[in-house]
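Working notes, structure below.
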Amino acid sequence: QVQLVESGGGLVQAGGSLRLSCAASGRTFSSYVMGWFRQSPGKERAFVAAVGWTARSTSYADSVKGRFTISRDNTEKTMYLQMNSLKPEDTAVYYCAASTSLSVVTHRYAYNYWGQGTQVTVSS
């Protein structure tokens with residue numbers, strides 16, 4: 001089992017940057033596929049990015065490709081999301097999640113563990 005805690009959210013102007021972190025507890029962090037999702041009011045939780053066990057495999061939603069970068073540090077049991085060129089439509093609560101899948105997955109139902117979320121607000 002793994003527990004996840006997000007941090008790094010906040011208020012930023014359009015065009016700015018933020019880096020989210022997801023700290024994990026438990027001994028087997030390196031065996032989980034990790035992902036970031038986001039949810040805006042009235043919308044379903046949507047996939048943002050995912051990274052495989054060794055960070056060689058990644059996947060991004062089309063809306064964030066070229067602007068966001070997902071990474072992980074298995075020694076520190078932490079996953080990151082570097083967000084650049086932020087837009088007002090990126091405003092959402094961002095969640096990190098862990099999956100026992102053997103490969104990178106993008107559907108939220110493939111993820112077994114979730115953090116509490118961190119708010120990201122991008123002003124225009």
| Close side-chain approach of Leu20 and Glu6, heavy atoms under 4.5 Å | no
| task | Write out all pairs satisfying disulfide bond (SG atoms under 2.5 Å apart) with one or both partners inside residues 46-84, taking only residues at least two apart or from two chains. | result | none
| task | Scan residues 45-95 for pairs that pass disulfide bond (SG atoms under 2.5 Å apart), counting only residues two or more places apart or in two chains. | result | none
| said: Which heavy atom of Val104 sits nearest to which heavy atom of Gly52, and what is that distance? | reply: CG2-N, 3.5 Å
Return a table of donor-acceptor pairs under 3.5 angstrom between the side chains of residues 40-47 and protein atoms on other chains or two or more places apart.
from  : atom 1 : to    : atom 2 : distance (Å)
Ser40 : OG     : Thr91 : O      : 3.0
Arg45 : NE     : Gln39 : OE1    : 3.3
Arg45 : NH2    : Gln39 : OE1    : 3.4

| query | Taking it one step at a time, do Tyr111 and Val33 satisfy side-chain contact (heavy atoms from CB on, under 4.5 Å)? | reply | CA-CA 9 Å; Tyr111 286 81; Val33 168; 3.9 Å; yes
| said: For the backbone of Trp53 and the side chain of Asn74, can you confirm whether one donor and one acceptor N or O come within less than 3.5 Å of each other? | reply: yes
| said: Between Arg108 and Ala97 (side chain of the first, backbone of the second, donor and acceptor by atom type, cut-off under 3.5 Å), is there such a pair? | reply: no
| said: Quick one: does any side-chain atom of Thr78 pair with a main-chain N or O of Glu76 as donor and acceptor, under 3.5 Å? | reply: yes
| Got a donor-acceptor contact below 3.5 angstrom from the Ser85 side chain to the Arg67 backbone? | no
| query | Looking only at heavy atoms, which two atoms of Val120 and Gly9 are closest? And how far apart? | reply | CG2-CA, 4.1 Å
| Relative to Tyr32, does Arg72 satisfy both conditions: NZ or CZ under 6.0 angstrom from the six-membered ring centre, and within 45 degrees of the ring's axis? | no
| task | Examine distances only and state if a side-chain atom of Gln116 and a backbone atom of Val5 form a donor-acceptor pair shorter than 3.5 Å. | result | no
| field | Residue pairs passing the disulfide bond (SG atoms under 2.5 Å apart) test where at least one lies in residues 44-76, sequence neighbours excluded | value | none
| So which pairs with a foot in residues 72-124 pass disulfide bond (SG atoms under 2.5 Å apart), sequence neighbours left out? | Cys22-Cys96
| Hey, do the aromatic rings of Trp114 and Phe37 have their centres closer than 6.0 Å? | yes
| query | Who pairs with Arg38 by salt bridge (Lys or Arg N to Asp or Glu O under 4.0 Å), at least two apart in sequence or on another chain? | reply | Asp90
